[in-house]
Visitor: 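Please find one structure pasted underneath; my questions will follow.
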Amino acid sequence: MTTLKLKYLIILLLSLSTIGCNSFLKEEVYTEYDPNKFLADETGIDALLTGAYAQSRIIAYDHRNYTYMMNEFNTDIAFETGGGLEKDAAPFIQFNWSVNNSFLNSFWEKMYKAIASANSVIILSNQLNGLDPAKLNKIQAEAKFIRSSSYYFLYNLFGPTPLIDIPVGASPQEIEEIGKNAKRADRDVFVNYIISDLEFAKQYLPLTESPIGRATKGAALGYLMKIYLKEKNWKKLTDVTQEIIDLHQYELYSNYPRLFAIEGESNKEYIFRAPCIAQAGYQNNYMAHAFPPNYPILTNWVNFGAQFRTYSAFYKTFESNDKRRELLIRNYTDISGKNVELLEDNNGKALNDVRSFKYWPDPNGVGENMGNDIVYIRYADVLLSRAEALNELNGPNQESIDLINQVRQRANTTLLKLADYSNKLLLRDFLLAERGREFFSEGLRREDLIRHGKFIQSAKERGYSAKEYQVVYPIPLQQIDANPNLTQNEGY
């Protein structure tokens with residue numbers, strides 16, 4: 001690759017890595033990096049990888065939009081009212097999103113920027129001379145992890161999307177043309193591409209997370225688990241979940257109510273997370289949306305008019321002694337001393353106003369900005385995914401029951417007995433309900449309902465005119481206008 005092309009890619013990647021940062025000072029640049037020297041050691045490559053990680057992070061408002069608007073407000077767990085967000089959340093809640101929805105388009109662009117950054121790291125690292133092969137494999141494993149996980153998030157929303165591969169020696173103009181004209185991949189090709197990247201990543205990534213938020217062998221296996229679960233490849237799912245268990249790196253955190261709190265972040269349950277700090281652009285801003293009106297918050301916090309609300313019916317699926325229910329607030333005393341009910345009124349009518357405090361507020365948060373790390377994959381998902389796979393392969397079995405009971409025992413709720421589940425359907429339905437109780441406020445409910453064939457029916461039961469094709473979102477119209485080779489999802 002010529003120095004000019006190399007320099008172009010470096011500038012492009014570094015500029016992408018700074019999106020979302022605040023500039024406090026305008027600096028004059030008196031020196032210029034020699035691209036070859038910049039990439040001559042691991043430090044330079046690590047800077048490029050850091051930019052790729054930054055692009056892929058689903059934090060701050062991206063977390064709000066992806067996790068809640070796109071993946072939970074259209075389910076039987078939660079919805080939103082109030083504030084400036086209400087008009088944007090309503091289409092997702094009511095199943096009338098449009099083909100030119102700006103939030104869908106923004107997420108599409110974010111993931112493809114992450115993919116472009118990862119591709120650049122792969123291309124540039126291949127041009128280095130004398131780099132230790134072990135270091136090169138780790139660099140490329142991290143880049144392929146970022147690329148494959150970004151494709152997974154796109155797949156979860158839109159189905160297969162274009163796979164962007166950059167040929168060695170491609171000019172900036174050629175790279176731009178590839179992006180503008182790529183067709184959507186066939187489903188099998190797309191899925192196998194993700195799997196191939198993750199298989200490479202799991203081979204060369206380290207076992208331990210250092211620093212926090214960097215990819216590990218367990219994280220690569222975790223995304224393999226997610227893609228096999230989505231594809232209902234039960235045999236492969238049993239294999240990969242056993243691989244994760246056999247790493248002996250992860251375990252359930254004993255104190256579920258503090259699993260997502262600042263003090264719980266050193267737990268061994270997190271398999272992959274996005275590190276957050278209490279600073280705009282790098283924060284977890286969930287709780288500002290979850291505090292109910294006039295809730296007695298600390299003076300350093302803020303309570304938004306946009307309110308994330310949990311359905312009363314979902315709250316009632318928990319047993320009274322279930323520790324997970326402690327994070328669902330059903331009543332409180334407001335700042336004036338008034339007791340406020342959120343579950344139901346005096347006549348037993350559902351108020352659908354329960355609040356999830358899953359990301360327990362950071363005592364050192366500043367305004368909406370809190371430092372709770374955002375969890376993408378954790379060990380409880382491994383246990384319940386394996387239980388589901390074994391049930392689908394063999395029907396109710398003792399290992400599935402034991403795996404579920406590990407999760408329920410941590411929650412201090414009634415343990416299951418195999419004799420109570422006479423067929424596969426009964427245990428399948430229980431697992432869907434249990435995943436709701438375990439993973440509420442984590443953005444997994446939409447994909448779980450879709451996998452179980454209940455996403456559209458659940459919406460209809462809530463009174464919305466959902467259509468079968470709405471198990472995927474439309475390819476953003478803005479992208480179709482820019483790329484004549486993109487085809488729209490059926491029904492849109």
Side-chain angles (χ1 to χ4, degrees), residues 58 62 64-80 85-112 115 150-164 179-194 226-233 311 432 436 443-492:
I58 305 176
D62 292 322
R64 182 201 69 179
N65 298 342
Y66 176 82
T67 302
Y68 303 106
M69 286 216 295
M70 301 175 196
N71 284 294
E72 193 153 295
F73 291 166
N74 46 23
T75 75
D76 54 354
I77 287 181
F79 65 109
E80 189 274 345
L85 185 62
E86 184 170 2
K87 64 179 175 52
D88 297 316
F92 293 97
I93 298 167
Q94 299 167 7
F95 282 71
N96 59 9
W97 48 76
S98 66
V99 295
N100 64 344
N101 184 279
S102 62
F103 291 92
L104 293 174
N105 185 60
S106 177
F107 190 79
W108 175 289
E109 291 181 343
K110 176 180 175 59
M111 289 297 100
Y112 271 107
I115 291 163
S150 299
Y151 276 129
Y152 176 82
F153 288 120
L154 287 166
Y155 187 45
N156 184 40
L157 297 185
F158 305 108
T161 63
L163 294 169
I164 308 298
K180 285 183 176 180
N181 295 286
K183 296 180 180 180
R184 299 180 70 181
D186 291 336
R187 184 184 184 112
D188 288 346
V189 171
F190 189 90
V191 170
N192 288 332
Y193 188 96
I194 293 174
K226 290 181 74 67
I227 194 69
Y228 288 137
L229 181 63
K230 186 172 181 61
E231 295 303 292
K232 300 184 182 180
N233 190 332
Y311 289 108
L432 177 62
L444 300 186
R445 189 59 172 173
R446 172 181 166 270
E447 58 194 85
D448 284 346
L449 288 170
I450 289 171
R451 186 175 69 259
H452 284 256
K454 296 186 176 183
F455 180 59
I456 301 303
Q457 182 58 37
S458 174
K460 290 179 178 178
E461 289 170 359
R462 295 192 303 279
Y464 301 119
S465 300
K467 307 295 190 298
E468 293 300 325
Y469 62 80
Q470 290 180 299
V471 292
V472 290
Y473 288 110
I475 303 299
L477 183 61
Q478 299 92 323
Q479 302 303 319
I480 290 180
D481 287 343
N483 180 353
N485 290 322
L486 271 181
T487 55
Q488 184 56 274
N489 281 322
E490 184 179 349
Y492 291 106

Visitor: Return the minimal non-hydrogen interatomic distance between Asn96 and Pro91, and the atom names on each side.
Guide: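 That would be OD1-CA, 2.8 Å.
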
Visitor: Return yes if some donor-acceptor pair links the side-chain N/O of Gln470 with the main-chain N/O of Lys467 below 3.5 Å, else return no.
Guide: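 Yes: the side chain of Gln470 pairs with the backbone of Lys467.
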
Visitor: Quick check: does any side chain N or O of Glu80 sit under 3.5 Å from a backbone N or O of Ala90, one acting as donor and the other as acceptor?
Guide: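 No: the side chain of Glu80 does not pair with the backbone of Ala90.
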
Visitor: Nearest 0.5 Å, what's the CZ-CD1 distance between Phe455 and Ile450?
Guide: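 One finds 5.0 Å between CZ of Phe455 and CD1 of Ile450.
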
Visitor: Let me confirm one number: the OH-CD1 distance from Tyr68 to Ile77, rounded to the nearest 0.5 Å.
Guide: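 Nearest 0.5 Å value for the OH-CD1 distance: 10.5 Å.
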
Visitor: Any donor and acceptor pair, going by atom type alone, linking the side chain of Asn192 with main-chain N or O of Asp188 inside 3.5 Å?
Guide: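 At least one qualifying donor-acceptor pair exists.
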
Visitor: Hey, does Val99 have a side-chain heavy atom less than 4.5 Å from the side chain of Ile480?
Guide: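 SC-SC contact between Ile480 and Val99 ruled out.
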
Visitor: State, with a plain yes or no, whether a side-chain heavy atom of Arg187 is found less than 4.5 Å away from one of Glu231.
Guide: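 Yes, close enough: below the 4.5 Å cut-off.
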
Visitor: In this structure, is the centre-to-centre distance between the rings of Phe107 and Tyr66 below 6.0 Å?
Guide: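 Yes, they do, as the ring centres are separated by less than 6.0 Å.
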
Visitor: Give a yes or no answer on whether the side chain of Asn105 reaches the backbone of Leu477 with a donor-acceptor pair at less than 3.5 Å.
Guide: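 No, the answer is negative, given that no donor and acceptor are paired below the 3.5 Å cut-off.
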
Visitor: Is the closest side-chain donor-acceptor distance between Asn489 and Arg184 under 3.5 Å?
Guide: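 Side chains of Asn489 and Arg184: pair found under 3.5 Å.
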
Visitor: Salt bridge or not for Arg445 and Asp448, using N-O below 4.0 Å?
Guide: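 Salt bridge flag = no for Asp448 with Arg445.
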
Visitor: For Tyr228, give me all partners under ring pair (Phe, Tyr, Trp, His ring centres under 6.0 Å), at least two apart in sequence or on another chain.
Guide: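 So Tyr228 forms no ring pair (Phe, Tyr, Trp, His ring centres under 6.0 Å) with any residue.
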
Visitor: Which atom names give the shortest non-hydrogen contact between Pro476 and Trp108, and what distance separates them?
Guide: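 Heavy-atom minimum between the residues: CD-CE3, 3.7 Å.
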
Visitor: Quick one: does any side-chain atom of Tyr473 pair with a main-chain N or O of Met70 as donor and acceptor, under 3.5 Å?
Guide: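 Judged by distance alone, yes, a pair lies under 3.5 Å.
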
Visitor: Quick one: closest heavy-atom pair of Gly159 and Val472, and the distance?
Guide: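 Answer, listing the atom of Gly159 first, then Val472: N-CG1, 4.0 Å.
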
Visitor: Check the side chains of Glu447 and Asn71 for a donor-acceptor pair under 3.5 angstrom, ignoring hydrogens and angles.
Guide: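 Result is no, nothing qualifies.
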
Visitor: Could you report the tightest heavy-atom contact between Ile194 and Tyr152, atom names first, then the distance?
Guide: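 Distance-wise, the nearest heavy atoms are CD1-N, 4.0 Å.
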
Visitor: About how many Å separate CG of Leu432 and NZ of Lys454, when rounded to the nearest 0.5 Å?
Guide: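 Reported to 0.5 Å precision, the distance equals 6.0 Å.
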
Visitor: Looking at Asn181 and Asn483, what are the two nearest heavy atoms and their distance?
Guide: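 Closest approach of Asn181 to Asn483: CA-OD1, 3.4 Å.
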
Visitor: Over all heavy atoms of both residues, which pair between Asn156 and Arg446 is shortest? Give the atoms and the distance, please.
Guide: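 Between these two residues, the closest heavy atoms are O-NH1, 2.9 Å.
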
Visitor: Would you call Arg64 and Leu85 a side-chain contact if the rule is heavy atoms closer than 4.5 Å?
Guide: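 The answer is yes; the side chains approach within 4.5 Å.
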
Visitor: List the steps, then state whether side chain to side chain contact (heavy atoms under 4.5 Å, CB included) holds for Tyr112 with Tyr151.
Guide: CA-CA 8 Å; Tyr112 271 107; Tyr151 276 129; 4.0 Å; yes

Visitor: Counting only pairs under 3.5 Å, give me each side-chain donor-acceptor contact of residues 459-466, with atom names and distances, residues two or more places apart or in other chains.
Guide:
from   : atom 1 : to     : atom 2 : distance (Å)
Arg462 : NH1    : Ser458 : O      : 3.2
Arg462 : NH1    : Ser458 : OG     : 2.7
Arg462 : NH2    : Asn74  : O      : 3.0

Visitor: Nearest 0.5 Å, what's the CG-OG1 distance between Leu154 and Thr161?
Guide: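 Interatomic distance, Leu154 CG to Thr161 OG1, rounded to 0.5 Å: 4.5 Å.
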
Visitor: For side chain to side chain contact (heavy atoms under 4.5 Å, CB included), just list the numbers for Leu104 and Phe158, CA-CA rounded to whole Å, side-chain angles, deciding distance to a tenth of an Å, and then say yes or no.
Guide: CA-CA 9 Å; Leu104 293 174; Phe158 305 108; 4.2 Å; yes

Visitor: Working to the nearest 0.5 angstrom, can you tell me the gap between Tyr469 OH and Ile456 CD1?
Guide: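 Separation between the atoms: 9.5 Å.
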
Visitor: With Phe79 as reference, evaluate Phe95, Phe73, Tyr311 under the ring-ring contact (aromatic ring centres under 6.0 Å, His included) test and give the passing residue.
Guide: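 Of Phe95, Phe73, Tyr311, ring-ring contact (aromatic ring centres under 6.0 Å, His included) with Phe79 is met by Tyr311 alone.
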
Visitor: Roughly how far, to the nearest 0.5 Å, is the CD1 atom of Ile115 from the CG atom of Leu163?
Guide: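 Here the rounded value is 8.5 Å.
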
